[in-house]
**Q** 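I am attaching a structure below and will ask some questions about it afterwards.
Note that the structure is predicted; figures quoted are calculated from it, not measured.
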Amino acid sequence: MLNAVKQSWLTFRSIFTGMGVTIRHFFGPTVTLQYPDEKMELPKGARARLYVNIDDCIGCNLCARACPVNCIDIETVASTQDVDLGKTSTGNPKRFWLTRFDIDMAKCMYCDLCVHPCPTNCIYMVSEYEYSEYDRSNLVYHFSNLEPEMVAEVKDKAEKEAEQKKREREEMMRKKAEEKAQKELEAKKKAEEESNDKEKGEE
Amino acid sequence: MTEYVSHIHPVAAILVHAAIPLTIILVYALVAIWGERKIAGFIQDRLGPMRVGGWHGWAQSIADLLKLIQKEDIIPTDASRFLFKFAPFMMFAASYAAFAVIPFSSAYVGSMVNIGVFYLLAVTSLLTLSIIMAGWASNNKWSLLGGMRSAAQMVSYEVPTIASVLTVVLVAGSLNLMTVTEMQSGNDILGFLPNWFIFQNPFLIVAFIIFFISILAESHRVPFDLPESESELVAGYQTEYSGMRWAMFMLAEYADMLLLSLLGATLFFGGWNSPFGDFMAGPLWGFFWFMLKGLSLVIVMMWIRWTLPRYRVDQLMHICWSILIPLSFVNLVLTALWEVIF
Amino acid sequence: MMQPEEIFEYVKEEFGEEGFSFSSGDIGDSWIQVEAGMIKTVSKFLRDDPKMRFNTLMCLSGVHYPKEEELGVTYNLHSTELKQTVALKVRVPIENPNVPSIEAIWKTADWHEREAYDMVGLIFEDHPNHKRILLPDDWEGHPLRKDYVQQDFYRGITTGA
Amino acid sequence: MLEVISKETGNKEMVINMGPQHPSTHGVLRLELVLDGEIITKVRPNIGYLHRCFEKYAEQMDDYAKVIPYTDRMDYVSAINQEHGYVIALERMLELEVPERVEYIRVIMAEMQRIASHLLGIGAFGLDLGAFSPFLYLFTEREKILDIFERVTGARLLYNYFAVAGLMRDVHPEFKTDTAEFVKTFRPKIKELNDLLSYNKIFIKRTANIGVLPEKVALNYAASGPVLRGSGVEWDLRKNDPYSIYDKFDFEIPVGTGEVGTLGDCWDRYMVRVKEMEQSLRIIEQALDGMPDEGDVMEAIPKRIRPKEGEIYVRTETPRGELGYYIISDKSASPFRVKARAPSFVHLSMLPAISKGSLIADMVAIVGSIDIVLGEVDR
């Protein structure tokens, strides 16, 4: 009996202690932010979205290879000799047209692994986090700044140059081969002449 | 007022009598649901609803109501259709009907029956039935468990509730709630305390504690919210309900909470009597004091809700049968002795 | 506390040379290779012997060795009393991947063995509930085999392969 | 309905599915309960709903380092601790020396993560038993830890912060003051938690003598972490098999005492977690004092990871228990086999042994007290 009274008293006391805690919180400050009106400021270096400074990209493909989920898709075309693509802000020479640089943010898992290998620090995470879309295909970000016509032109040019180079190379090869043949022919002739001379001398 | 209306036409009188508690319940439910969310929010360092309607999201419950009306009414294929549809309305009807005998003010009580307490306790028993009905008709095992738990719980807790109410009836000598309230008028105790029953007799304080614990269980509030304990039974008997039918359950539950709190206010805290004697007294002030007392009890129930974990079903039964019931009967006898002696 | 080599010597004393070998890679842990049929008796000995007292089985992993066309089970044992660890290994041919279950010795092996069956297709004899654990019961193949090809459809749902 | 019940088991028992969508299974776990009334006669846990082929992915990556972000995703509540085990395994395979500063930062981060994870575990346990408010109070504290993490790593949940023999980036200059501030404000919150929940009589009634796990059974099932310590076994890998620089710190191993019930019940497991948070605070304080201010955290990271042939089993103490990585290398750039021995997986397997004869409500308490994360169970 006494025990039951004691137990009940302890129960009530613990309940009142708990209620004391909650009432203190009732009058205490709140911690929530009213999201669309107030926004939390993300710290520097927050990983919320991938961004590519395409002007600095040299098309080395290192980020695409570092990605565990293959969400980066890069296509490059070698620049032709008549165009100088200049240098990046870090001083690396650019040698490729970037005809495609797509990042599928729906696949991206924000691991930061693509950021570290970049030689020109042109791919990095930014703290923009409000980019929901109704259509998943809108989450594929196209970073290449070339117009479609430009891409076609560049590709065409590159193809032509490659073809020309090929042709030149072939030409050179042929020339070399011809020269070689010529030389051989001459050598043959010489040999023949020599042998003729010999024969003549023998006669 | 009542006499005046019944002068015009008997049907009009019935309609008016039906409309007054209904309005009170509906307005209260809208405020209480919003209030509970606000209280929960502040207790948990949050803000609660903030967006609908401007100031602190006051229109949140209205928006929710509109949403619930528009929702698709889903009935499980294998459900017992009639019982499934009927249960929420029966539950609401049970708690609504009980309001008839609650004296809201010195000038208004729905029905001046002289067995008010008896009627009220009898009608609220229908709640149990409707919960079992809902749990069974859903054809869902979780619902069934919820319904069964609820039946056991409410049947058990009715005993201490009745015993503690009887304690008051013993002191008052009447089953009419209006008479009980009138007996608590005046400020005579120690010269300044109001004549409320809770101050009149030390055993009535014990009776009130038993009564309060029991109504927590009767209206399924934490720590006794086992029929719908969301972490065990998903949502208990409400699992399969959606839209307006679910809203009816919600409404009935809040109405039940108010009903039992108002009953507590009538029995122990002087009903519509002003705490300051004749100061701020009168029919309208009476209504104000009455609702204030009732709502305070509701707020305490909410405060408990957001503080405590819940009991297990067997512990709940243990508390009822081996602590509350013996205690309440001992208390009843002691009160009777007190009454004989003094 | 005994080193794995000493444990190997001790076990060899008990059971004889037959069916045991001790090896290690260029780096990392060394292990005692045990013949499949003996694993249960050896485990029981390791658990109960007063100088061994390996009272917990930390990990049980199934491995597929495609070059040797074998499946393997690695048991990482540990003793909380004597604070020593040892690894046991069993290798069985892929056509007949039967290994006695040690569920009766360390209860924790129950789920680990089911996972090994699920993932690489080892069959544990006398296991009380020899069913797949992570994949559905009617899944085809064992995914952690090196030559695993994912099925195109599972009950009419494309698997994205 | 009665026909349905008897059809299933042939007698008056009822089979009920708890999950995969259920509020207190902590994710997608399905428990098949065979009930006699509300008493459980049999439990069959069904897992695999969150299986994401971690081990297969790890084998198919062309680089050991690419696996690290996947380890985060196993136990998403304590990602740092998952990474820690994996990078330690690789460091041992490559026999690399880790700079001291890196080790200190790692320990601080790991202990902070342990607190964050316990906060969630304890909060969710309270939630399972119907106590709503403690959960949100603890979540507020967890947010503070995540804020510190976000400033350091840039992410709030899945960090990919540890690299082999280094870190992905250096901490910011205010890291030490931020962390010390958190430690200071967090201590009183533990007392508040004890007032509100731990010593609440209703809570004790719900957890004491429930789901008792005797020491022998715990060891036979290879339980670890707070679950094993709750059964009174003083076993902590940070002390008993020290990795990283844990041997430098002075801390205690809290064990279950059976204070309010039987040794090894739900309350003991819960209380071990609460006490462990205090010990973690002690470790953090000591680490903050000892942490060198200068040093490059990225200097020692190897350019390519290509361990020699061999295999290794490395275990570390995560908030949930012993996390083991069994890695086999075959001299190539990708692992031949990675097996993660997840503590939750092991703990869940002993559920049938400790929950027989209890009520549904106890089942909820037991599942909450062993604090499983389904991401880790299914991997």
Side-chain angles (χ1 to χ4, degrees), chain A residues 4 6-26 28-33 40-51 62-72 107-117 119 121 124-129, chain D residues 57-58 60-63 65-73 83 131-134 136-137 139-141 143-144 147-161 163 166 168-172 174 178 189 191-205 298 301 303:
Chain A
K6 198 184 151 201
Q7 285 301 317
S8 312
W9 162 242
L10 287 177
T11 308
F12 274 111
R13 204 183 60 181
S14 74
I15 288 172
F16 286 131
T17 323
M19 285 172 79
V21 172
T22 43
I23 200 76
R24 270 202 300 283
H25 276 274
F26 185 89
T30 54
V31 293
T32 43
L33 286 181
M40 205 166 94
E41 201 164 309
L42 294 194
K44 204 172 129 260
R47 281 145 49 184
R49 214 196 90 183
L50 265 179
Y51 178 75
L62 280 175
C63 49
R65 259 185 282 161
C67 183
V69 290
N70 303 329
C71 73
I72 305 176
K107 270 192 198 168
C108 176
M109 61 177 189
Y110 312 93
C111 64
D112 223 15
L113 283 176
C114 55
V115 175
H116 293 270
N121 297 329
Y124 47 85
M125 288 279 185
V126 291
S127 54
E128 189 202 324
Y129 55 92
Chain D
Y57 265 122
Q60 292 188 333
M61 285 296 144
D62 55 1
D63 191 345
K66 282 192 193 179
V67 180
I68 299 176
Y70 283 97
T71 62
D72 280 349
R73 281 154 178 82
E83 291 169 14
F132 213 109
S133 299
L136 282 139
Y137 298 157
F139 234 80
T140 315
E141 298 307 308
E143 284 297 303
K144 287 180 192 159
D147 282 343
I148 293 174
F149 276 11
E150 192 180 22
R151 275 195 82 179
V152 175
T153 70
R156 289 182 81 84
L157 191 67
L158 305 165
Y159 310 102
N160 188 28
Y161 183 56
M168 293 294 271
R169 50 171 97 168
D170 204 345
V171 295
H172 55 85
E174 296 96 58
D178 276 7
K189 301 284 174 183
K191 199 198 156 282
E192 194 185 90
L193 171 73
N194 285 340
D195 278 351
L196 184 57
L197 194 64
S198 313
Y199 289 101
N200 184 299
K201 274 279 168 185
I202 301 178
F203 181 74
I204 289 175
K205 270 206 146 175
M298 285 180 278
I301 300 177
K303 277 270 168 325

**Q** Do you know which two heavy atoms are closest between D:M168 and A:C111, and how far apart they sit?
**A** CE-O, 4.3 Å
**Q** With a 4.5 angstrom heavy-atom cut-off, is it the side chain or the backbone of A:M19 that approaches chain D, or both, or neither?
**A** neither
**Q** Are there more than 12 heavy atoms of other residues, nucleotides or ligands under 6.0 Å from atom OH of D:Y57?
**A** no
**Q** Is it the side chain or the backbone of D:Y137 that comes within 4.5 Å of chain A heavy atoms, both, or neither?
**A** side chain
**Q** Let me know if D:D63 has heavy atoms under 4.5 Å from chain A in its side chain, its backbone, both or neither.
**A** neither
**Q** Does A:H116 reach the side chain of D:I301, with side-chain heavy atoms less than 4.5 Å apart?
**A** no
**Q** For each of A:S127, A:P117, A:A48, A:G18, tally heavy-atom pairs with chain D at distances under 4.5 Å, and name the one with the top tally.
**A** A:G18
**Q** Can you check whether D:S133 reaches A:H25 side chain to side chain, under 4.5 Å on heavy atoms?
**A** no
**Q** Ignoring hydrogens and geometry, is there a side-chain-to-backbone donor-acceptor pair from A:R47 to D:R156 under 3.5 Å?
**A** no
**Q** Report which part of D:M61 has an atom under 4.5 Å of a heavy atom belonging to chain A: side chain, backbone, both, or neither.
**A** side chain
**Q** Working to the nearest 0.5 Å, report the span between CG of D:D195 and OG1 of A:T22.
**A** 11.0 Å
**Q** With a 4.5 angstrom heavy-atom cut-off, which part of A:R24 approaches chain D: side chain, backbone, both or neither?
**A** neither
**Q** Taking CZ in A:F12 as the centre, count heavy atoms belonging to other residues, nucleotides or ligands within less than 6.0 Å. Is the count above 12?
**A** no
**Q** Checking side chain to side chain contact (heavy atoms under 4.5 Å, CB included) for the pair A:V31/D:F139: CA distance, chi angles, key distance, verdict?
**A** CA-CA 11 Å; A:V31 293; D:F139 234 80; over 6 Å; no
**Q** Taking the side chain as everything from C-beta on, heavy atoms only, tell me whether D:R169 gets closer than 4.5 Å to A:D112.
**A** yes
**Q** Kindly compute the distance separating SG (A:C67) from NZ (D:K66), expressed to the nearest 0.5 Å.
**A** 7.0 Å
**Q** Would you mind reporting whether A:S14 and D:Y199 have side-chain heavy atoms less than 4.5 Å apart?
**A** no
**Q** With a 4.5 Å limit on heavy-atom distance, are the side chains of D:K201 and A:R13 in contact?
**A** no
**Q** So how far is it from A:I15 CD1 to D:N200 CG, rounded to the nearest 0.5 Å?
**A** 6.5 Å
**Q** A:A66 versus chain D, heavy atoms under 4.5 Å apart: side chain, backbone, both or neither?
**A** backbone
**Q** Side-chain contact test, heavy atoms from C-beta onward, threshold under 4.5 Å: evaluate it for D:K205 versus A:T11 and give yes or no.
**A** no
**Q** Look only at the side chain of D:R151 and the backbone of A:L42, and say whether a donor-acceptor pair between them is shorter than 3.5 Å.
**A** no
**Q** What is the distance from atom CD of D:E150 to atom CE of A:M40, rounded to the nearest 0.5 Å?
**A** 5.0 Å
**Q** At a 4.5 Å cut-off on heavy atoms, which part of D:D72 comes close to chain A: side chain, backbone, both, or neither?
**A** neither
**Q** Measuring heavy-atom distances to chain A, does D:A65 have an atom under 4.5 Å in its side chain, in its backbone, in both, or in neither?
**A** backbone
**Q** Any side-chain heavy atom of A:M109 sitting closer than 4.5 Å to one from D:R73?
**A** yes
